[in-house]
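These notes concern the structure reproduced below.
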Amino acid sequence: MYSLPTLGLCSGCVRFAPPPRSAATKRRRLQIRAMRAVVQRVASASVEVEGRTVSEIGPGLLVLVGIHDSDTDSDADYICRKVLNMRLFTNESTGRGWDQNVMQKNYGVLLVSQFTLYGILKGNKPDFHVAMPPQKAKPFYESLVERFRKAYSPDAVKDGIFGAMMKVNLVNDGPVTMQLDSLQSTRNAETAAEEPGK
């Protein structure tokens, strides 16, 4: 008769050991599959290419965007929705902090594509193989910018130049910096399914 291995037997209870995971399974679980955004609340921000300022905003959000090779439209939708609704600003009428989003303040949003957010160190050298390849990432990033403009305002949303060597200047207000991964949308959906009453 087949018997399962047991761990830490106690009076009246039996605990079964989970089956061992292969090294490949462990590696897959450690891999990040999500669009990543680093959101900074700024007093001002600008992008310079070859000595020329190509985009700039006053108060608002500077958003560095890393696109994973497996990202889809649902990842872009999640990042767009969450960034625009993050309550990172003070409500001047009530004095309450962390109360208003960038749209309520009529502030600017500056998007900058940054594949180095998916850099993985191999020794001391960064490797970017999990980032979406440039030929695929360029139209995907452009569609993300368009999402922001449709959801907010074409005039309020600026961006850098995809693939260019950019100098990003900013005055971080706070400082306030938040990291957001679209993988959270899957986790939130799973939590909602498990807790239908909430």
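Just so it is clear, the values below take in all heavy atoms, side chains as well, and ignore hydrogens, waters and symmetry mates. Residues take their numbers from the sequence shown, with the count starting at 1.
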Legend entry - Given Val42, Leu88, Leu84, the one that forms side-chain contact (heavy atoms from CB on, under 4.5 Å) with Leu61: Leu88
Inset, instruction - With rounding to the nearest 0.5 Å, note down the distance linking OG in Ser113 to CE in Met132. - result: 10.5 Å
Legend entry - Flag side-chain contact, heavy atom, 4.5 Å: Asp159 against Arg149: yes
Inset, instruction - State the CD-CG distance between Gln179 and Leu64, to the nearest 0.5 angstrom. - result: 10.5 Å
Inset, instruction - Taking only Lys NZ, Arg NE, NH1 and NH2, and the carboxylate oxygens of Asp or Glu, determine whether Asp71 and Lys136 approach each other closer than 4.0 Å. - result: no
Inset, instruction - Write down the atom of Phe128, the atom of Thr116, and the distance for their closest heavy-atom approach. - result: CE2-CA, 3.7 Å
Legend entry - In one Ile/Leu/Val/Met/Phe/Trp/Tyr side-chain cluster, 4.5 Å: Leu170, Leu111: no
Legend entry - Exercise: identify the closest heavy-atom pair between Leu121 and Pro126: CD2-N, 3.8 Å
Legend entry - Lys105 (side chain) donor-acceptor with Thr90 (main chain) under 3.5 angstrom: yes
Inset, instruction - Check whether the side chains of Asp75 and Thr72 place a donor and an acceptor atom closer than 3.5 Å, and report yes or no. - result: yes
Legend entry - Distance in Å, Ile67 CD1 paired with Met35 CE, rounded so as to fall on 0.5 Å steps: 5.0 Å
Legend entry - Atom pair NZ/OG of Lys82 and Ser182 - distance to nearest 0.5 Å: 12.0 Å
Inset, instruction - Identify whether Tyr152 and Tyr78 are in the same connected component of the hydrophobic contact network (ILVMFWY, side-chain heavy atoms under 4.5 Å). - result: yes
Inset, instruction - Tell me whether Val63 is reachable from Val38 by hopping between hydrophobic residues (I, L, V, M, F, W, Y) whose side-chain heavy atoms are closer than 4.5 Å. - result: no
Inset, instruction - Go through Gln40 and Asp173 one step at a time and tell me if the side chain to side chain contact (heavy atoms under 4.5 Å, CB included) criterion holds. - result: CA-CA 8 Å; Gln40 299 183 76; Asp173 179 22; over 6 Å; no
Legend entry - Linked, directly or transitively: Met178 and Val65 (ILVMFWY side chains, under 4.5 Å): yes
Legend entry - Close side-chain approach of Ser55 to Leu110, heavy-atom, < 4.5 Å: yes
Legend entry - Spacing of CD1 belonging to Ile161 relative to CZ belonging to Arg52, to within rounding of 0.5 Å: 5.5 Å
Legend entry - Stepwise side chain to side chain contact (heavy atoms under 4.5 Å, CB included) test for Val130 and Asp69: CA-CA 6 Å; Val130 299; Asp69 189 37; 5.8 Å; no
Inset, instruction - Apply the test side chain to side chain contact (heavy atoms under 4.5 Å, CB included) to residues Arg41 and Phe89: give CA-CA distance (whole Å), side-chain angles for both, the deciding distance (0.1 Å), then the verdict. - result: CA-CA 8 Å; Arg41 188 179 73 186; Phe89 300 94; 3.5 Å; yes
Inset, instruction - Find out whether Lys158 and Val145 are in side-chain contact, i.e. whether some heavy atom of one side chain is under 4.5 Å from a heavy atom of the other. - result: no
Legend entry - Side-chain heavy-atom pair Ile120, His129 within 4.5 angstrom cut-off: yes
Legend entry - More than 12 heavy atoms from other groups under 6.0 Å of CD on Gln135: yes
Inset, instruction - Rounded to the nearest 0.5 Å, what's the gap from CG on Asn106 to CG on Asp155? Could you check? - result: 11.5 Å
Inset, instruction - For Asp77 and Arg147, work out which heavy atoms get closest and say how close. - result: OD1-NE, 2.5 Å
Legend entry - Heavy-atom closest contact (Ala156 atom, Tyr107 atom, distance): CB-O, 4.0 Å
Inset, instruction - For Phe148 and Ile79, work out which heavy atoms get closest and say how close. - result: CZ-O, 4.1 Å
Inset, instruction - For residues Asn169 and Glu48, report the shortest heavy-atom separation together with the two atoms involved. - result: ND2-OE1, 4.1 Å
Legend entry - Leu117 reachable from Val109 in the ILVMFWY side-chain graph, under 4.5 Å edges: no
